[in-house]
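Below: one structure, written as structure tokens.
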Amino acid sequence: MNEKKMSRRAWLRRSLLFGALGSTFLLLGAVLLDVWRAAGRFSSARWTGVIALVDLPADGTFPFPQQGVALLRKSGRLAAISLECTHLGCLVNTVDQGFFCPCHGSEFGPMGEVYSGPAPRSLPWHAVRISQGRIWIHSGKKQPAPLWIRIPVTEPGREDRT
Amino acid sequence: MSRAQRNFLDHLHSVSVSRHALRPTTTWGLGIACLSCLAILFITGFTLFLYYVPDQEVAYERILHIQTTLHFGGLIRNLHFLAANALVILAVLHLSRVFFTGSYKGRILNWQYGLLLLALILYANFTGYLLPWDQISYWAIKVGASLAGYFPLIGPEIKTFLLGGEQIGSETLLRSFALHAGLIPLLLFLTGLHLWRVRKDGGLAAPEGLKEAKLPADPWLFRAEAAVALLTLSVMLLLSCYFDAPIYERADPFHPPNPAKAPWYFIGFQELVSYSALIGGVVIPVVCGLFLVLCPWLDRSKSCGGIWFSRDRLKWSLTFGIMLLAQLLLIAIGLWCRGKNWQWINPF
Amino acid sequence: MGCSGPVWVNRFFYLMVAACLAITLYVLAVVWRENPDHSTRVIADIVVNLNGKKVREHCTFCHPGGALAISVSGETTRSLHPDIGPHLPEKLGCTACHLGEGMALDRKISHGLPGLGARKVLRGRDLQASCFQCHKTAPLMGAEKAWQGYRLFIGKACNTCHYVGGAGRGGRYGPDLSRIGSFLGLEQIQEAIRDPKKDPQNSIMPRFPLSKGQARKIAFFLKSRIENPYYATPMQVQAGLIRLPEVSLVPKGRKLVEGEALLYRKQCLSCHKFREQDGRIAPDLSFIGQIRDPVYLHDFLENPSKLIPGAIMPHIFLTDDEEHKLVSFLAQQAVAQPTIGGEARESVPEVQRGKQLYMRFCQSCHAADGDGRGVLQPNLANFPRAFTGNADYFKRLSPEQMRRSIDQGIPGTSMPGYGKLVDPVARDRVIALIYQAFIGGAESDKAALDELVLPDSPLPAAARIDDLFNARCRRCHGIAGTGVGPEALRHKPMPRNLTNKRYFGRLSDQEIARILFDGVPGTAMPAFRDQLTSQEIWGLVGKIRTLSRTSIP
């Protein structure tokens, strides 16, 4: 039997052997990998209360850095824009002409469109809703286009709550 | 196979191995099984590290998180638990094999390394026991540490060391975790030393007059070892499917379970201490420990190692056998026959 | 390639390679089947902060928006979480009210493991057990039963023995319940109230006459007593700024004199009986002013277990003025009652009159069927003498002894003297009834008893007597003779407390020796006549005299 050239049988046996061993450890490795990367599967996305409707001043842009959003109120409609810079995720400041990122100088317009700087995309928008007299944003769902909702003229019986 | 690989494997064992060493009845593959368990423990343990927090407030919740929230997390924890307990059993069996075949002859140093390893394994097990911070582990550690406190002079010191203070608390948890994890390098080092000494002492102990043909270590020894390792892994995997690592309620410092029992491998001593604190807690453990440490020097029988229950070592084998059986019996009694207030109960 | 080696190695190796692969596949399949959607679905993760402590939960993974998943014939529908008004579930999280283990994500563990049940999930009406964790203990909509539970807690005088943070002074006889909700589940608390002697068996807590619903209500209140309460900062708790509200126990709409109001206000009637008000735990106080003298009452209120060793009544905080008013009220009330003997109308037959008296005074302890297991018996320090089936005991008892016990009572026990209350004729009627209905046989049927005299020969040395005591008496009477040896709980009647000075002070040496020689019929006390010598028994009589600090022969 030649050392260099294996017989077909031996080759078959060998590849079967390594195949079986390899797939066993691949499977077990995959299990480990699954557990290792499980940390990324958690989501705290949920409806988060921002402010009571009665406390929100008339038309304008109001930043809520704690929730990472700014509420835009315009002629009886409401939307929530994300304050997370699309470049590297810094929290942008609200300025007169729109938003300004302090980290790398990205400038955004009043509707989050990129004016200048390294930011690749416009600021995204959050889903927003009004319930029990409070404004809620959903921390998970982000959309490229604004999700406007209409502010009800009166929330029956709920105005007094703050 | 690359030259480097081949080179590495060639140095793990000597080039050839006697047929006697390969025979299953020589070692029953216990050492390799221990090594496999250790490997499983390292890998699963590392995975558990990623999610565990050694803090009184959240440790228990993190275990629940691992056990139930992470996909396969339960499997990993079960494997870790089973391998840890299997390691204690296998290590004791390995020790018994070495003793009954008298293989410590001429390998006194390695015997001592082995004993040290056993102690480390028990300690790692003991510290790991507390980490879930549930009712059973909390009180088991409390009882276990109190058992250590019975030892004269150094007893209270050991207890304080184990508990990180006078009372079991957040310090205990932190130090149990640190020592559980911190022992890994030492365990690795000693295991390496233990294996290297086997090679250095000329492989497995064998009866002298044996004139059997030798076999190349590659592939025979490697295949046999790999088979045992795979067997261990398979058994652990299969068991982890059916035996969940225990989890009880949150630790409650005001309501001890009745009876509060030490971890199972120390229950024998708890049983002994329940008869007499001095005899059971001090004299017997010390005598047993000294016996194990000193037996390679005390045993002056002529026969060489590698023969099961050789005739001129009968009294030694008997002594050790009785010791082992007595300890097993005590563990069984403590585990199954003791109910409330350590009263005798019928296990059936 | 190595054909010369043992064949089994190769076979074993190949087999193991195959087996390991197969088992790995099998295990993965099993684990996958057990929780199929974990790996694909995003795991809900909520962090709320109550009281400065962050709590992380995965509850909304299975209960999105707090919905309860209801499985109807295989199809899962989701009900919505009811509107809980001003509470914001997003801020409160789930486990603050519902308990359970928020970090777990399986049915069993996340809903609280069995055992002490501290984290057992609360649902439905049980949820009101959580309200007073945050809210001030006060009438609260939705927590009506928990509030009633608090009223019951005070009304049944639980706080005289148990301390609960904010309930004022006292209550140091039983375990502190300030944090009980963090350690025990609702069911466990309810069970402990309903059957206190189940665990531990030597618990002195009486079994209160509470319905299951009432016990549940108290459990609702107690479940809200938690370790780090949300209703106050730790500093406020420490400084005693948190007070539980006062509950008025005096019945409304009745004009009461000060003394009688005290009976209510000091929670006496939570256990004791006074006229029609009956706590069913402790003896009747209606005539107590007549059958116990004011000095006794004063001393008893000062320290109940001094006069009746082993009495479970705790010390009650009373100012001197309150105590005076209470004692004089009780004495006054008793005098206002007519002597009972003359009370019975002539038309009532002789036997009926005895029966009336028995039911009025004796039955609560000695039981209606005379076996000594009356309603109050479990709460008494000493077992009331059994009449039924105890003829042997009464054959040894002289008529004088029996009459003395009824007229003067038995010191050191709960048996009061009825001499002032019941005239001799009426008393004899009761004795006749006891013999006729319970003991059986005539009163004159007495056993012949030998004379017990102190032997002339010297008694054994004290050390020998101590050894004897340890060998023969310790297991039941305890090493200190207090009647609670290791085996005491196995016996009913429980072994006598040998340190009871007042009880043994009344017994003559001969009477004590009689107990040792011939045992006590109807109890576990054996006769030592055949087992010990006369000297040894008389030595033990001396030992009892020493233990009880009464005169030494």
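Just so it is clear: chains get the letters A, B, ... in the order the sequence lines come, proteins before strands, and each one is counted from 1.
Looking only at heavy-atom pairs under 4.5 Å with chain B, the residue among Leu28(C), Leu184(C), Thr24(C), Leu113(C) that has the most is Leu113(C). Among Ala22(C), Ser182(C), Pro114(C), the residue making the largest number of heavy-atom pairs under 4.5 Å with chain B is Pro114(C).
Interface remark: Val30(C) contributes side-chain atoms only to the contact with chain B (heavy atom separation under 4.5 Å). For chain C, no part of Val235(B) is nearby; none of its heavy atoms comes within less than 4.5 Å. Interface remark: Tyr248(B) contributes backbone atoms only to the contact with chain C (heavy atom separation under 4.5 Å). In this structure, the portion of Gln135(B) lying under 4.5 Å from any heavy atom of chain C is its side chain and not its backbone.
For Lys120(C), the NZ atom counts as loosely surrounded, since its 6.0 Å shell holds 12 or fewer non-hydrogen atoms of other residues, nucleotides or ligands. Open room surrounds CH2 on Trp336(B); 12 or fewer heavy atoms of other groups in view lie less than 6.0 Å from it. Gln201(C) CD: 12 or fewer foreign heavy atoms inside a 6.0 Å radius. For CZ of Phe243(B), the number of neighbouring non-hydrogen atoms (other residues, nucleotides, ligands) closer than 6.0 Å is 12 at most. Remark: Arg97(B) CZ is packed, more than 12 non-hydrogen atoms of other residues, nucleotides or ligands lying under 6.0 Å away. Annotation: Lys197(C), atom NZ; neighbour count of heavy atoms from other residues, nucleotides and ligands within 6.0 Å is above 12.
In this structure, Thr69(B) contributes its side chain and Met103(C) its backbone to a donor-acceptor pair below 3.5 Å. Glu249(B) places a side-chain N or O within 3.5 Å of a backbone atom of Leu116(C) that can act as its donor or acceptor partner.
Note that the NZ atom of Lys108(C) and the CD1 atom of Ile247(B) stand 10.0 Å from one another [nearest 0.5 Å]. Between the CZ atom in Arg107(C) and the OG1 atom in Thr68(B) there is a gap of 13.5 Å [rounded to 0.5 Å]. Going from atom CZ of Arg11(C) over to atom CZ of Arg223(B) covers 13.5 Å, rounded to the nearest 0.5 Å. Going from atom CD1 of Ile43(C) over to atom NE2 of His71(B) covers 9.5 Å, rounded to the nearest 0.5 Å. Rounded to the nearest 0.5 angstrom, Leu237(B) CG and Cys20(C) SG are separated by 6.5 Å. Rounding to the nearest 0.5 Å places CD of Glu101(C) at 6.0 Å from CD of Glu61(B).
Asp252(B) approaches Phe183(C) most closely through the heavy-atom pair OD1-CD2, 3.3 Å. Counting all heavy atoms, side chain and backbone alike, Ala224(B) lies closest to Val9(C) at N-CG1, 3.8 Å.
The shortest distance between side-chain heavy atoms of Arg56(C) and Arg62(B) falls below 4.5 Å.
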Apply the test side-chain contact (heavy atoms from CB on, under 4.5 Å) to residues Phe72(B) and Trp32(C): give CA-CA distance (whole Å), side-chain angles for both, the deciding distance (0.1 Å), then the verdict.
-> CA-CA 8 Å; Phe72(B) 298 117; Trp32(C) 192 269; 4.0 Å; yes

